[in-house]
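Here's the structure, in structure tokens; my notes come after.
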Amino acid sequence: MEKILITGGAGYVGSHITLNILKRGLKVIVLDSFVNSSKDVFNNFCKVIDKKILKRNFKIITGDIRNKKLLNDIFEDNAKTECAISSVIHCAGLKSVQTSIINPKEYWDVNVLGTMNLVDIMESYSCKKIIFSSSATVYDPSVGDILDENSRISPINPYGSTKFVVEKFLEDIHKSSKNEWKCINLRYFNPIGADPEGIIGESPLKEKNNIFPLIMDVASKKLEKFTIFGNDWDSSDGTCVRDYIHIDDLAESHIKALEYLNNNTPVFMNLNVGTGEGTSVLELIKKFEETNQISIPFIYGERRKGDFGTVVADNRLAKKVLGWIPKKDLKDMCKDGWNWFSNKNI
Ligand code: NAD
């Protein structure tokens, strides 16, 4: 049976991947420092997965990917069992663009050195399959509105630089290993929403940088108004356009990537994970209001430094290679996100 180590498996993306993989009956070990998440995220897993199965197939380890001894212990302990760790889904990392500008060293330390540690230990246990949580921030968004995997790479902040460097590192490892290493970098666009059963959602411990938690704070009246950064962009309503993707579709792309790695000769790939459809911030707010019958008061603020008008994925390669299709629309994202949030918070 497959056993998958999910680093950062308690975070927004990682917890949805963990739930989806456990539902498929595979074994999962989550390694997380809980710097931006809480163990409570797993409390409701038993509502959708049999407790006995959870006990058998699921383990949570608290720790930091920069702790090489801990990583070694995890791989060693599992190598002694009948089921060693066969693949890693590497989500652990720091993800605030703004904080990365203020404290780049911390970002390079966690995102880059942490990954190098992980790969080093994986190699010593002959575990050579990795799916890495990369980001659309690796691209130079000024080259065009729709980005494919060959679009110019030129990150404009330290966060994006760390993602790009890790992608290159994995490519070099793949090449130098005479193709033994199998690596897929999934470049996420803008995941939002929550799992459709309302078990988990997005609840960062640190500052809220993503759009959806802020919209929900306004919806629940924790925040008075939502601020839209700029209304003079080159879009139909003047607000920024992004490629929002349902978190469940994003999680599914990892399952497909895992299947691909298991069934194909050694490979290195970068794949965009988005829907290929652009939605403006104003359109997202309107869809949220219409879907959930809740008003979201907003104001227009200044453009944010370093922001771009439109960032949308060309997702044809991921669809073709992985046989993955994003199935959920904006309404599902708004409905599922609010369903989870309102049950938890109100
Ligand atoms: P998140 O902060 O919710 O999850 C990251 C998890 O990693 C958290 O649980 C955190 O506690 C853990 N972590 C952080 N540093 C760690 C360390 N040193 N050792 C062990 N665990 C550590 O973020 P997310 O939205 O789930 O993002 C997951 C990954 O996807 C990140 O690498 C992020 O850069 C990438 N990504 C996210 C988005 C997005 O919009 N959510 C977009 C593109 C890429």
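Below, all heavy atoms of this structure are taken into account, side chains as well, without hydrogens, waters or symmetry copies. One-based numbering, in listed order, for ligands and for the atoms of each.
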#### Entry: Per-residue contact class, K163 against ligand 1 - non-hydrogen pairs under 4.0 Å
side chain

### Query
Between the side chains of E2 and N262, does any donor sit under 3.5 Å from an acceptor?
yes

### Task
Verify whether one side chain among N185 and N270 offers a donor that lies under 3.5 Å from an acceptor in the other.
yes

### Message
Can a side-chain donor-acceptor contact be found between E252 and N20 if the only test is distance below 3.5 angstrom?
### Response
no

#### Entry: Heteroatom proximity flag, I65 to ligand 1, N/O under 3.5 Å
yes

#### Entry: Between H90 and S133, a side-chain donor and acceptor under 3.5 Å
no

#### Entry: Polar contact flag for S135 and ligand 1 (N/O pairs, less than 3.5 Å)
no

### Charged N-O contact under 4.0 Å between K80 and E76
yes

### Query
If you measure from each heavy atom of P191 to ligand 1, is any distance below 4.0 Å?
yes

### Task
Could you tell me whether some N/O pair between K95 and ligand 1 is separated by less than 3.5 angstrom?
yes

### Query
Does ligand 1 have any atom that is closer than 4.0 Å to a heavy atom of T7?
no

### Task
Check whether the side chains of Y125 and N72 place a donor and an acceptor atom closer than 3.5 Å, and report yes or no.
yes

#### Entry: side-chain contact (heavy atoms from CB on, under 4.5 Å) evaluation trace for I53 with R56
CA-CA 5 Å; I53 294 179; R56 195 178 63 220; 4.2 Å; yes

### Message
One pair to check against salt bridge (Lys or Arg N to Asp or Glu O under 4.0 Å): D329 and K331. What are the steps and the verdict?
### Response
CA-CA 5 Å; D329 62 16; K331 190 175 174 187; over 6 Å; no

### Query
So is S134 in contact with ligand 1, going by heavy-atom distances below 4.0 Å?
yes

### Task
Report yes or no: does a heavy atom of G9 sit under 4.0 Å from some atom of ligand 1?
no

### Task
Could you tell me whether the side chains of E123 and W181 share a donor-acceptor contact shorter than 3.5 Å?
yes

### Query
Looking at atom 26 (O) of ligand 1, what's its closest protein heavy atom, distance included?
V13 N, 2.7 Å

### Top protein contact for atom 4 (O) of ligand 1, by heavy-atom distance
G11 CA, 3.4 Å

### Query
What do we get for F34 next to ligand 1 when only non-hydrogen atoms under 4.0 Å count, side chain, backbone, both or neither?
backbone

### Message
With nothing but distance in play, are any N or O atoms of S37 less than 3.5 Å from an N or O of ligand 1?
### Response
yes

#### Entry: For atom 41 (N) of ligand 1, the protein heavy atom that lies nearest, with its residue and separation
N210 ND2, 3.5 Å

### Task
Indicate yes or no: does an N/O atom of V35 lie under 3.5 Å from an N/O atom of ligand 1?
yes

#### Entry: N190 to ligand 1, any heavy atom closer than 4.0 Å
no

### Message
Salt bridge check, D32 against K39: does any charged N sit closer than 4.0 Å to a carboxylate O?
### Response
no

### Message
Checking contacts here: is it the side chain or the backbone of V110 that comes within 4.0 Å of ligand 1, counting heavy atoms only? Could be both or neither.
### Response
side chain

### Task
Tell me, please: is C91 in heavy-atom contact with ligand 1, that is, under 4.0 Å?
yes

